[in-house]
Amino acid sequence: MTKTGDSSCPRVLIVEDDAGLCESLAAALRELSFEVETAPDGLQAVQKIKESVYDILLTDLRLPGLNGEEVLRQAKALYPDLIVMVSTGYGDLRNAVNMMKLGAADYIQKPFLKDELIVRIEKAIEERKWRWQSRAAREQTNGSEWGDLIGKGPAMARVKELAAGVGPMRTTVLIQGETGTGKELVARAIHHGSPRKDYPLVSVNCAAIPATLMEDEFFGHEKGAFTDAQQVRVGRFEQANRGTLFLDEIGTMPLDLQGKLLRVLQERECQRIGGTQTIRLDVRIIAATNTKLDERVQSGAFREDLYYRLNVFPIFLPSLRERREDIPLLAAHLLQKICAGEGLAQKQIAQEALKGLVAYEWPGNVRQLENALEMALILGAEREYLLPEDFPAICRRPASSESLPRVEIPEEGADFNLLVSRFEKALILEGLRRSDGKRSRAAVLLNMKRTTLLEKLKKLQAAAL
Ligand SMILES: Nc1ncnc2c1ncn2[C@@H]1O[C@H](COP(=O)(O)OP(=O)(O)OP(=O)(O)O)[C@@H](O)[C@H]1O
Ligand SMILES: [Mg+2]
């Protein structure tokens with residue numbers, strides 16, 4: 001059975017029909033604090049693999065019952081990340097090569113020294129770690145970065161403190177905050193700050209899965225469990241074993257599944273659909289929601305008992321407008337990230353534009369800021385500094401009475417048409433100055449049609465003659 005203690009000591013399953021060899025290998029590995037289980041034949045090995053999760057499968061090629069190749073096939077179909085090492089007898093080299101093609105990490109020819117086996121196992125574990133890290137790095141460049149949480153203000157400092165404190169434990173965490181406030185980023189930071197960091201972080205967006213498929217997604221199924229079930233499918237819970245399961249937008253989970261989730265959280269075990277085996281789980285749950293979960297409980301859309309199970313360690317992410325002090329730092333960080341990702345030279349944000357960014361309401365929070373910067377980079381083209389006009393939706397002057405230009409009407413009265421045309425002229429000249437004389441840019445800046453601008457320019461030139 002899976003121990004739910006320290007998730008950093010690797011679990012090994014040795015499949016070997018030579019009982020003496022099997023026991024001496026097991027003893028050697030246990031001495032190195034590996035958790036070891038053994039199986040004397042292929043059938044029992046497959047059974048064990050279905051019941052719980054291992055890091056390493058060390059299997060002999062020739063076995064009674066199912067042979068090593070079949071054990072490898074079935075194991076890899078269930079757990080693609082499982083490290084499989086094959087031990088072979090003399091003359092089995094061609095088979096061993098075949099096993100590597102099927103996904104074995106390494107093979108070792110009998111008789112072998114225990115030390116040699118241990119070195120090879122350690123190397124395979126390192127390789128898998130490296131694979132996971134590069135997978136995480138790829139995710140990072142896909143926009144779901146898990147690096148530093150930016151923000152020096154008191155609100156973010158508190159969030160960081162909470163995330164760092166809860167990281168090392170298995171405690172369930174509930175992250176609440178508006179859309180785009182960084183809930184997923186915090187979940188990743190917690191996972192990466194935990195002893196589970198070398199195991200998978202599996203994310204499920206509850207809002208993106210149709211209710212009818214959700215149970216299958218979470219728990220998987222056995223072959224033949226229903227008409228379309230032609231293959232065994234490992235559910236997300238199993239995939240996350242020894243790691244972390246991130247349940248995003250938990251508030252949208254249908255009520256019947258909430259009941260099933262509650263049972264799994266209480267019992268820490270699950271079964272595949274159509275299966276009879278109970279799978280022990282050592283999974284840390286982090287849930288996130290952008291709806292107020294307590295209000296959903298009040299309205300009967302979310303089970304109260306599940307709410308308490310999840311809300312063991314709550315973290316609230318403040319909206320961006322509640323921590324405007326972080327905007328300059330965040331904007332600079334995000335701009336640098338986008339430029340690096342796009343292979344662009346580093347740019348700066350002009351002070352005037354930054355003022356606009358700090359004053360804005362940001363209903364879409366950090367994600368909206370990121371999008372606005374991306375758009376500004378396009379509008380800013382070759383310029384080294386991003387200007388307010390590169391953020392047209394954000395730095396636009398509000399159409400309120402406060403923003404009207406100051407006017408004065410002298411005692412003797414004013415010439416309305418003359419004043420309006422002077423104001424128009426001043427705007428057009430300033431627009432052209434800011435666009436280095438480029439008329440199309442000036443038209444964009446002034447939010448007017450290019451043809452209108454040209455027409456007005458012509459009139460101005462005619463009047464000057
Ligand atoms: N404090 C932060 N520092 C750096 N980047 C951040 C921060 N907060 C959010 N981001 C970035 O903003 C974007 C949105 O963050 P994330 O996806 O974590 O938000 P979310 O709260 O999960 O949103 P939703 O509720 O819409 O799923 C991501 O690209 C993330 O990297
Ligand atoms: Mg999210």
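Counting starts at 1 for both ligands and their atoms, in listed order.
- Checked against a 3.5 angstrom limit, the closest N/O atoms of Glu249 and ligand 1 fall outside it.
- Taking any N or O of His333, backbone or side chain, none lies under 3.5 Å from an N or O belonging to ligand 1.
- For Ile150, a nitrogen or oxygen atom sits less than 3.5 Å from a nitrogen or oxygen atom of ligand 1, counting backbone and side chain alike.
- Residue contact check: Asn290 has heavy atoms under 4.0 Å from atoms 25 (O) of ligand 1.
- For ligand 1, the polar-atom distance check against Leu330 finds no nitrogen or oxygen pair separated by under 3.5 Å.
- Which parts of ligand 1 touch Thr181 is read off a 4.0 Å heavy-atom cut-off, strictly below it: atoms 8 (N), 19 (O), 21 (O).
- Using a 4.0 Å cut-off between a side-chain N of Lys or Arg and a carboxylate O of Asp or Glu, Lys183 and Asp248 do not qualify as a salt bridge.
- Per-residue contacts place Lys337 under 4.0 angstrom from the following atoms of ligand 1 (heavy atoms of the residue considered): 29 (O), 31 (O).
- Put simply, part of Gly180 is less than 4.0 Å from ligand 1, judged by heavy atoms.
- A tilted orientation is assigned to the rings of Phe237 and Phe218, their planes being inclined by 30° to 60°.
- For the pair Met156 and ligand 1, the shortest N or O to N or O distance does not fall below 3.5 Å.
- Both the sub-6.0 Å distance and the 45° axial angle are satisfied by Arg11 relative to the ring of Tyr54.
- Of all the listed residues (Glu178, Arg323, Glu370), Glu370 holds the heavy atom that lies closest to atom 29 (O) of ligand 1.
- Among the atoms of Val366, none of the N or O lies under 3.5 angstrom from an N or O of ligand 1.
- A salt bridge is absent between Lys347 and Glu384: the closest approach of a Lys/Arg side-chain nitrogen to an acidic carboxylate oxygen does not fall below 4.0 angstrom.
- Judged purely by distance below 3.5 Å, without hydrogens or angles, the side chains of Asn241 and Tyr199 never pair a donor atom with an acceptor atom.
- A side-chain donor from one of Asn365 and Glu178 sits under 3.5 Å from a side-chain acceptor of the other.
- Taking a cutoff of 4.0 Å between a charged side-chain nitrogen and a carboxylate oxygen, Glu238 and Arg280 do not qualify as a salt bridge.
- In this structure, Lys292 does not pair ionically with Asp294, as no charged nitrogen and carboxylate oxygen lie closer than 4.0 Å.
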